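Let me begin by presenting the structure, written as structure tokens, before commenting on it.
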Amino acid sequence: MSAPRVPVHPAFAEWDGSVAHARAMQAELAKRVVLRDGFAKPLRTIAGFDVGFEENGEVTRAAAVLMDAQTLRPIESHVARIPTVMPYVPGLLSFRELPALLDALAMLSAPPDLVFVDGHGIAHPRRLGIAAHFGVVTDLPCIGVAKKILVGAAPELHQMRGAYVTLRHHGEQIGWLLRSKPNCLPLVVSPGHRVAMASVGDLVMRYVTTYRLPEPTRLADRLASRRDIKRG
DNA sequence: GCGACAG
DNA sequence: ATCTTGTCGC
């Protein structure tokens, strides 16, 4: 028995570390994704999650920001830092970033009613982007908010704020392209878990103020990338 | 075989 | 993701 080089999060204990096994796990986990609204109404609290890196990528830094769903005021913020476990591989992002995100989640004093994760939900080759993986593992309602398309294609989109078009992959809808801010590249939003496809656009726009990113993800982004103490 | 490819 | 100043456009 050789001791692991770095702490392994329980959710990844069964993973043998190979790309092939990771893909097999994604296929199984994807079957557990629920695409129906399963969150508290009205929403009381929401949370944003994102990851950044330190020490030339050797340390993974996850940020969690809990906020009041009504006033949008931050209630608490946390940062979890752990040794980076794996390099970036398109399609396997969650195996690299989720362990740190789960640690940040554990630091919250109470679970949020709805979670926004920086990255894709089911808009993924095997329908298990990091937001969907996060949702299935925690069973928390979750939405994926990405800045670029990983897979799929969509028609042209109007410049007006709030405009949206369907993102398709192999003929099926996997998410939406949403213009959260005029003259800015659209966001790629998709259900992560316990959120219906038809609800995603509204839920994201509900928390967009004057920036391209919705507040939960925008604040977590600043904390994870240390934008909060630097410029911007 | 060649290009694409979340963060 | 990260390294980084100024610059074009709304």
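Since we're looking at a predicted model, the values are computed, not measured.
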Sorted by number, residues from residues 137-170 of chain A placing a heavy atom under 4.0 Å from DNA chain B are A:Ala146, A:Lys147, A:Lys148, A:Ile149, A:Leu150
Over all strands shown, is [X] touching base, sugar-phosphate only, or nothing at heavy-atom distances under 4.0 angstrom?
X        : answer
A:Gly57  : nothing
A:Leu98  : nothing
A:Phe53  : sugar-phosphate
A:Gly129 : base
A:Asp50  : sugar-phosphate

Taking only nitrogen or oxygen atoms into account, show me every contact under 3.5 Å that the protein makes with nucleotides 6-10 of chain C, one pair per line with its distance.
none

So ring pair (Phe, Tyr, Trp, His ring centres under 6.0 Å) across residues 96-151 of chain A, not counting sequence neighbours, yields A:Phe12-A:His133, A:Phe49-A:Phe134, A:Phe95-A:His133, A:Phe116-A:Tyr207
Answer yes when A:Asp113 and A:Lys41 have at least one side-chain N-carboxylate O distance shorter than 4.0 Å, and no when they do not.
no
Indicate yes or no: does A:Glu172 engage A:Arg127 in a salt bridge with an N to O separation below 4.0 Å.
yes
Listing for DNA chain C: consecutive Watson-Crick or G-U pair runs of at least 3, distance cutoff 3.5 Å, ranges ordered by first number, gives none
### Query
A:Ser94 side chain to A:Ile130 main-chain N or O, any donor-acceptor pair under 3.5 Å?
no
Min and max contacting nt of DNA chain B in 5' to 3' order, chain A heavy atoms within under 4.0 angstrom, are B:dC5 to B:dG7
For DNA chain B, consecutive-pair runs of 3 or more (Watson-Crick or G-U wobble, both H-bond-type distances under 3.5 Å) give none
